[in-house]
Amino acid sequence: MVEEPVEKPAARAVGRTAAKAAGRAAAAEDAVPVLRVGQVLAALAWYARLGFLLSWEHRFGPGFPVFAEVARGRLRLFLSEHEGDAPPGGLVFLRLADLDAVAEEFAVVPRDEPWGREVELTDPDGNRLRISDAAPASPEG
């Protein structure tokens with residue numbers, strides 16, 4: 001007797017979801033980190049030094065916390081004054097083509113890592129950004 005593989009309902013659902021996603025070729029997929037900031041205006045000035053520009057901002061009403069998106073080319077970050085959105089001190093890894101310009105702007109020296117050159121910066125709210133000039137690769141080399 002030959003046993004047939006049993007397809008579980010969750011596997012079918014994942015397969016259907018993947019098929020739907022593949023069918024939406026025009027829709028872009030990405031992940032957008034949310035970083036907690038104390039004051040969006042101060043954060044915007046700091047992220048502008050990295051080449052990020054304000055795309056949009058939202059607040060539910062006058063005096064409410066701001067939720068904003070900054071962009072640098074295809075890269076996006078959400079900056080949120082909302083206390084429950086993200087813990088302070090997050091970490092984001094970015095691959096940027098102009099690592100040397102970033103290092104010069106922030107007066108830091110890139111270090112050599114097995115995966116490429118990198119700097120680590122901390123924004124005014126304690127969020128860390130590790131910035132590398134390396135192309136995507138595994139940590140093993």
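One-based numbering along the sequence shown. Just so it is clear, the structure is predicted and the values come from calculations on it, not from any experiment.
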Could you state the interatomic distance from [atom1] ([X]) to [atom2] ([Y]), rounded to the nearest 0.5 Å?
| X | Y | atom1 | atom2 | answer |
| --- | --- | --- | --- | --- |
| Glu81 | Glu57 | CD | CD | 8.5 Å |
| Tyr47 | Asn127 | OH | CG | 5.0 Å |
| Trp46 | Gln39 | CH2 | CD | 16.0 Å |
| Leu53 | Leu44 | CG | CG | 10.0 Å |
| Leu41 | Leu79 | CG | CG | 11.0 Å |

For [Y], does its backbone N or O pair with a side-chain atom of [X] as donor and acceptor, under 3.5 Å?
| X | Y | value |
| --- | --- | --- |
| Arg76 | Gly73 | yes |
| Glu69 | Trp56 | no |
| Thr122 | Arg128 | no |
| Arg36 | Ala86 | no |

Work out which heavy atom in [X] is nearest to a heavy atom in [Y]; give both atom names and the distance.
| X | Y | value |
| --- | --- | --- |
| Val37 | Ala43 | CG1-CB, 3.7 Å |
| Arg72 | Leu50 | NH1-O, 2.5 Å |
| Arg59 | Phe64 | NH1-O, 2.8 Å |
| Val40 | Ala68 | CG1-CB, 4.4 Å |

Is [X] atom [atom1] crowded by more than 12 heavy atoms from other residues, nucleotides or ligands, each under 6.0 Å away?
| X | atom1 | answer |
| --- | --- | --- |
| Glu105 | CD | yes |
| Arg111 | CZ | yes |
| Glu104 | CD | no |

Item to complete: Begin with the C-alpha distance, continue with both residues' side-chain angles, and end with the deciding distance and a verdict on side chain to side chain contact (heavy atoms under 4.5 Å, CB included) for Leu94 and Arg130.
Response: CA-CA 6 Å; Leu94 299 172; Arg130 286 193 188 140; over 6 Å; no
Discussion item. Quick one, Leu96 with Leu75, criterion side chain to side chain contact (heavy atoms under 4.5 Å, CB included). Give me CA distance, side-chain angles, the key distance, then yes/no.
Written reply: CA-CA 10 Å; Leu96 301 180; Leu75 297 176; 3.4 Å; yes
Fill in: Derivation and outcome, side chain to side chain contact (heavy atoms under 4.5 Å, CB included), residues Phe60 and His82
CA-CA 11 Å; Phe60 286 103; His82 295 264; 4.1 Å; yes
Practice prompt. Kindly assign one of parallel, tilted or perpendicular to the pair Phe78 and Phe67, based on the angle between their ring planes and the thresholds 30° and 60°.
Written response: tilted
[X]-[Y] co-clustered via ILVMFWY side chain contacts under 4.5 Å:
| X | Y | answer |
| --- | --- | --- |
| Leu91 | Ile131 | no |
| Val70 | Leu121 | yes |
| Val109 | Val119 | no |

Worksheet item: Got Asp125 and Pro88 here, is their nearest side-chain heavy-atom distance under 4.5 Å?
Response: no
